[in-house]
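Take a look at the structure set out below.
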Number of protein chains: 2
Amino acid sequence: MKQEGRTAPGAPATLWDRTRQLASQEILETALRLFTEQGYDETTIAQIAREAGVSQRTLFRYFGTKEDLLGGDQGRFGQVLTDTIGEQPAEAGVWEALRAGVAAVLALHDSREQALERFRLLHNTASLRAGWLEKRLRFQEDLLPLVEARMGAAVGSADPRARAVVATAFACLDAASMAWVDNDGKGDILDLYDECLAAVRG
Amino acid sequence: MKQEGRTAPGAPATLWDRTRQLASQEILETALRLFTEQGYDETTIAQIAREAGVSQRTLFRYFGTKEDLLGGDQGRFGQVLTDTIGEQPAEAGVWEALRAGVAAVLALHDSREQALERFRLLHNTASLRAGWLEKRLRFQEDLLPLVEARMGAAVGSADPRARAVVATAFACLDAASMAWVDNDGKGDILDLYDECLAAVRG
DNA sequence: GTCAACTTGGCAGAGACTGTCAGAAGTAGT
DNA sequence: ACTACTTCTGACAGTCTCTGCCAAGTTGAC
């Protein structure tokens, strides 16, 4: 299995690529539909596979875990995050850089409705939240060197401050998105994020 | 099953209570030993049960999940946390109250070595971290009303600020404990916690 | 001693996930 | 078009966590 193909711009777009793209999308849509219809825990892999018209084995080849069926391409989240922050001007402070990263990631969702649906599922399903938090932790670790550099700390040292700053930013994003869901998607998450950060750093 | 007995101070201390206490301890020690010896993921429930001299079924009756085998009595963590914060004087600020809670929880570990062992396992095992984070999230929710009251916010409103503050405190605790583990348990976690908070709120 | 309350172990089974393997389907060389 | 090669798929069996159920044993209260 070598799924690197990723539909590059001037793609060769072999039949395999297109087929995989299609299957992947079909699985993803079926999963999201069933999750919202009957809940995450109440939906089995077997059911998703059946309704998507593939075998369980194939489903697991596309998405390594059940959690991966939500959140689509989470790899991109981390990528966009680190890229955006890395591109911030050197004179920008840590918090400005982190804010820019958060904004970029939030802009990644297809639509407000889809984002709301995903966030709602995420915040209401314990088993999902756990996996999501863990994945986010990996993003945080990836961000560490960038933040350390901006804070003037020795990169890779045992200095906990950079980690605390990054984790705080995510904590605020979490609080903001939860409030956003509670408000049924009214308003802007980024505004809520700013509000949270102000409350913390006040 | 009614395991409420919990060896109250002037306990009746029936034979059942003592037996359960013993079995629980035996299981816990066996689990921690095997986890540190061969890793969390590489240790199966079957093995723990066998070496602890109980059936798998009984093991699951004592500890609902594999994760529960680490962290001992996590219920107490949340209890101590909310109790301590609730007992703080009204004129104490949010951050002082939260710090007191954190200190109380940290004081709960039996020994420095055991705490170090647990933290190390926790931070190095992805599957464990996920569950731990999720459990912590529940503590955070429990704390919410207390913090909201102290911040003068409408309790139960969609105000994300209290959630952000609580999450930030935990984020700092996380960063502090990770640095502590990296330093092989040298120094005081609470000092690191203060350092983190200063970096965030600085 | 009797009976109720409690505890235990074994069994069967669900559900997520993995390794393996034969075979189908696409791709490329001639 | 024929062949050789790579890629993908489905099926099967198996592992591991976790749950429901039931029969048997132990303890406690009277």
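Here is how names work: the chains are called A, B, and so on, in the same order as the sequence lines, proteins then strands, and each is numbered from 1.
The salt bridge (Lys or Arg N to Asp or Glu O under 4.0 Å) search around B:Asp83 returns none, not counting sequence neighbours. With sequence neighbours excluded, the residues satisfying side chain to side chain donor-acceptor pair (under 3.5 Å) with A:Glu51 are A:Arg33. Here A:Glu134 pairs with A:Arg138, B:Arg129 under the salt bridge (Lys or Arg N to Asp or Glu O under 4.0 Å) rule; sequence neighbours left out. By the salt bridge (Lys or Arg N to Asp or Glu O under 4.0 Å) test, B:Glu42 pairs with no residue at all, sequence neighbours left out. Residues passing the ring-ring contact (aromatic ring centres under 6.0 Å, His included) test with B:Phe60: none are found, sequence neighbours excluded. Every residue two or more places apart in sequence or in another chain was checked for a side chain to side chain donor-acceptor pair (under 3.5 Å) with B:Glu96, and none qualifies. Checked against ring-ring contact (aromatic ring centres under 6.0 Å, His included), B:Phe170 has no partners two or more places apart in sequence or in another chain. Evaluation of the salt bridge (Lys or Arg N to Asp or Glu O under 4.0 Å) rule for A:Glu29 yields no partner, not counting sequence neighbours.
Within the nucleic acid shown, B:Thr19 has no heavy atom closer than 4.0 Å to any nucleic acid atom.
Put simply, A:Tyr62 has a side-chain N or O that comes within less than 4.0 Å of OP1 or OP2 on D:dT9.
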**Prompt:** Where along nucleotides 25-30 of chain D does protein come under 4.0 Å, by heavy atom, of base (B) or sugar-phosphate alone (S), with - for untouched nucleotides?
**Reply:** -BBS--
**Request:** Please step through side-chain hydrogen bond (donor to acceptor under 3.5 Å, both in side chains) for the pair A:Ser127 and A:Asp41, ending with a clear verdict.
**Result:** CA-CA 8 Å; A:Ser127 40; A:Asp41 287 326; 2.9 Å; yes
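Taking all atoms of both residues into account, the shortest heavy-atom contact from B:Ile48 to B:Ile27 is CG2-O, 4.3 Å.
Side chain of B:Arg20, nearest nucleotide from C:dC17, C:dT8, C:dT7: C:dT7.
For the pair B:Gln38 CD and D:dC16 P, the interatomic distance rounds to 12 Å; values are reported in whole Å. Residue A:Arg61 contributes atom CZ, which lies 16 Å from atom P of C:dA24 at whole-angstrom precision. The CD atom of B:Glu42 sits 13 Å away from the C1' atom of D:dC16 (whole-angstrom rounding). Rounded to whole Å, the distance from NZ on B:Lys66 to C1' on D:dC16 is 8 Å. If you measure from atom CG of A:Asp17 to atom C1' of D:dC8, you get 12 Å, rounded to the nearest angstrom. One atom, OH of B:Tyr40, and another, P of D:dC16, lie 14 Å apart when rounded to the nearest Å. The separation between A:Leu69 atom CG and C:dA16 atom P is 10 Å, rounded to whole Å. A straight line from CG of B:Asp41 to P of D:dT15 spans 18 Å, rounded to a whole angstrom.
Counting only residues at least two apart or on different chains, no ring pair (Phe, Tyr, Trp, His ring centres under 6.0 Å) pair has a member in residues 183-202 of chain A.
Within residues 119-135 of chain A, no residue places a heavy atom under 4.0 Å from DNA chain C. Of all the residues in residues 47-60 of chain B, B:Val54, B:Ser55, B:Arg57, B:Thr58 reach under 4.0 Å from DNA chain C with at least one non-hydrogen atom.
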